[in-house]
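All of these numbers come straight from a predicted model, not from anything done at the bench. All ligand and atom numbering here is 1-based and tracks the order in the structure.
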Amino acid sequence: MAKSWTPTSWRQHDAAQQPQWPDMAAVDAALKQVAGYPPLVFAGEARSLQAALAQVAAGNAFLLQAGDCAESFEEFSANNIREKLRVILQMAIVLTYSMGVPVVKVGRMAGQFAKPRSSDMEKVGSLEIPSFRGHIVNDASPTQAARIPNPERLVQAYHQSASTLNLLRAFTKGGFADLNRVHAWTQEFVGASPEGQRYEQLAREIDMAMGFMRACGVDTENNSTLHEVDVYTSHEALILGYEEALTRQDSLTGEWYDCSAHMLWIGERTRQLDGAHVEFLRGVGNPIGCKIGPSATPEWVIELCEKLNPAQIPGRLTLISRMGADKVEDALRPLLRAVRDSGHPVVWACDPMHGNTVTAPNGRKTRDFEDIVTEIAGFVRAHNAEGTWPGGIHVELTGDDVTECTGGGHSVSNEDLDERYQTICDPRLNGRQSIDLAFRVAELIRTANA
Ligand code: PEP
Ligand code: CO
């Protein structure tokens with residue numbers, strides 16, 4: 001029998017990757033403030049997402065989880081949010097239209113601020129300073145002072161999440177996401193490119209289909225499914241004090257929900273079975289995820305499923321594999337087999353980013369577009385071989401014309417990386433690479449199921 005859970009029971013477990021706050025009284029004061037604020041999302045919405053993910057687990061839908069590696073306090077604007085949403089909607093259209101299944105859209109947005117680090121300290125020239133841990137903790141500037149964790153940032157993260165979510169809700173329900181506007185989602189720099197042209201062709205076909213439906217007497221004007229979309233929010237539940245402060249009891253069911261986002265996930269560095277992150281997330285009612293790297297064994301994955309989803313609720317648990325292009329097929333197959341045979345109804349998603357990060361000659365962290373596609377191809381092959389559903393992708397992207405990942409139709413080279421390298425953490429796909437990826441993914445899955 002599992003031990004009883006409370007929103008604070010994680011405090012009895014080792015919590016990896018927590019900031020070294022210099023003043024705990026100030027942290028407690030900040031968290032008390034956040035705990036007094038309204039929830040950002042409602043339990044009913046988290047349940048709707050779980051129901052949608054249950055369809056993914058059953059092989060009837062596809063998950064697109066995408067957004068920044070780390071949201072920034074500085075790059076916080078309507079433009080920035082809109083451009084990210086635009087590219088997510090475009091990718092979703094490509095996937096839906098090409099695969100013929102619903103696409104569940106989840107942003108790494110409105111709360112994706114905290115970053116785990118492989119090392120506590122970073123070397124900058126001859127200086128050793130604390131690592132950057134995301135804007136919810138400290139600042140990215142390479143100075144000792146900037147890297148001191150500042151608890152006021154916990155409160156700022158809440159406010160930025162609230163504004164971002166507010167705009168997302170406005171855009172997705174207020175007409176921006178209308179299927180009649182599929183053409184308008186294309187950004188200028190994408191429009192003339194081959195990927196942009198391919199998207200335009202698809203958008204024209206959607207126009208024709210809408211016209212066809214109208215001609216057949218379908219009322220496309222008043223059908224809300226054609227004018228509105230659901231875009232859910234998610235982030236890595238890393239700073240557990242912050243997550244605890246936003247964990248509230250649902251008045252309808254009496255269950256606890258982490259109301260900082262619809263979906264929360266556990267990162268590769270904090271997935272210890274007896275650790276605080278697994279303890280915390282096992283007790284909240286939200287759909288949850290866990291990153292799974294190449295060191296995971298079948299026994300460990302089954303134990304994880306038992307801990308996080310003992311009742312085997314479909315849609316509750318998403319396993320996000322991030323193996324690396326060269327390892328994914330061999331590493332994943334035994335895990336798929338074990339989970340399949342255990343009867344656990346998980347969503348399997350592929351994060352093709354975090355196992356493929358390399359350092360370019362100029363010192364920039366980058367990822368090559370072909371490695372990203374290769375990992376997804378291996379992921380799809382592994383599922384095909386085991387008779388399981390390659391349920392989705394989890395990617396880091398931006399709508400903007402950045403030069404952070406190499407390759408793709410536009411062919412960003414190592415030499416181009418300095419041009420518009422804007423991420424505050426990991427390299428993201430730009431708008432063109434993202435759309436290109438959506439077409440490639442749809443082809444991979446279509447071919448596998450042909
Ligand atoms: C991330 O998603 O940004 C991340 C740090 O991933 P992982 O935990 O898989 O390394
Ligand atoms: Co990342």
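If you put the vertex on the Co ion (ligand 2), NE2 of His354 and SG of Cys69 sit 180° apart, to the nearest 10°.
Looking at His135, its side chain does come within 3.5 Å of a backbone N or O of Phe73 through a donor-acceptor pair. Between the side chain of Thr357 and the backbone N or O of Arg367, no donor-acceptor pair lies under 3.5 Å.
Under 4.0 Å from ligand 1, the heavy atoms of Arg108 that appear belong solely to its side chain. Counting heavy atoms closer than 4.0 Å to ligand 1, residue Pro116 contributes side-chain atoms (C-beta onward) but none from N, CA, C or O.
Residue Gly267 has at least one heavy-atom neighbour below 4.0 Å for each of these atoms of ligand 1: 8 (O). Less than 4.0 angstrom separates some heavy atom of Cys69 from each of these atoms of ligand 1: 3 (O).
Residue, atom and distance of the protein heavy atom nearest to atom 8 (O) of ligand 1 are Glu268 N, 2.8 Å. Atom 3 (O) of ligand 1 has its closest protein heavy atom at Lys115 NZ, 2.7 Å. Protein heavy atom nearest atom 1 (C) of ligand 1, with residue, atom name and distance: His354 NE2, 2.9 Å. For atom 7 (P) of ligand 1, the nearest protein heavy atom (residue, atom name, distance) is Lys291 NZ, 3.5 Å.
Residue contacts with ligand 1 include Glu396, since one or more of its heavy atoms lies under 4.0 Å from the ligand.
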Step-by-step side chain to side chain donor-acceptor pair (under 3.5 Å) determination, His354 to Asp426:
CA-CA 9 Å; His354 290 89; Asp426 289 340; 3.0 Å; yes

Given side chain to side chain donor-acceptor pair (under 3.5 Å), test His394 with Arg108 step by step and report yes or no.
CA-CA 9 Å; His394 179 120; Arg108 287 176 61 116; 2.8 Å; yes

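No other N/O/S atom of Glu396 lies as close to the Co ion (ligand 2) as OE2 does. Of all N/O/S atoms in Asp426, OD2 sits nearest the Co ion (ligand 2).
Neither side chain, Gln422 nor Arg428, offers a donor N or O lying under 3.5 Å from an acceptor on the other.
Using a 4.0 Å cut-off between charged side-chain N and carboxylate O, Arg153 and Asp139 make a salt bridge.
Figure legend: cation-pi geometry between Arg117 and Phe132 absent, as NZ or CZ is not positioned both under 6.0 Å from the six-membered ring centre and within 45° of its axis. Remark: Arg271 is positioned above the aromatic ring of Trp300, its terminal NZ or CZ atom under 6.0 angstrom from the ring centre and at most 45 degrees off the axis.
Here's the thing with Arg322: one of its N/O atoms is less than 3.5 angstrom from an N/O atom of ligand 1.
Between the CE atom in Met263 and the CD atom in Glu236 there is a gap of 11.5 Å [rounded to 0.5 Å].
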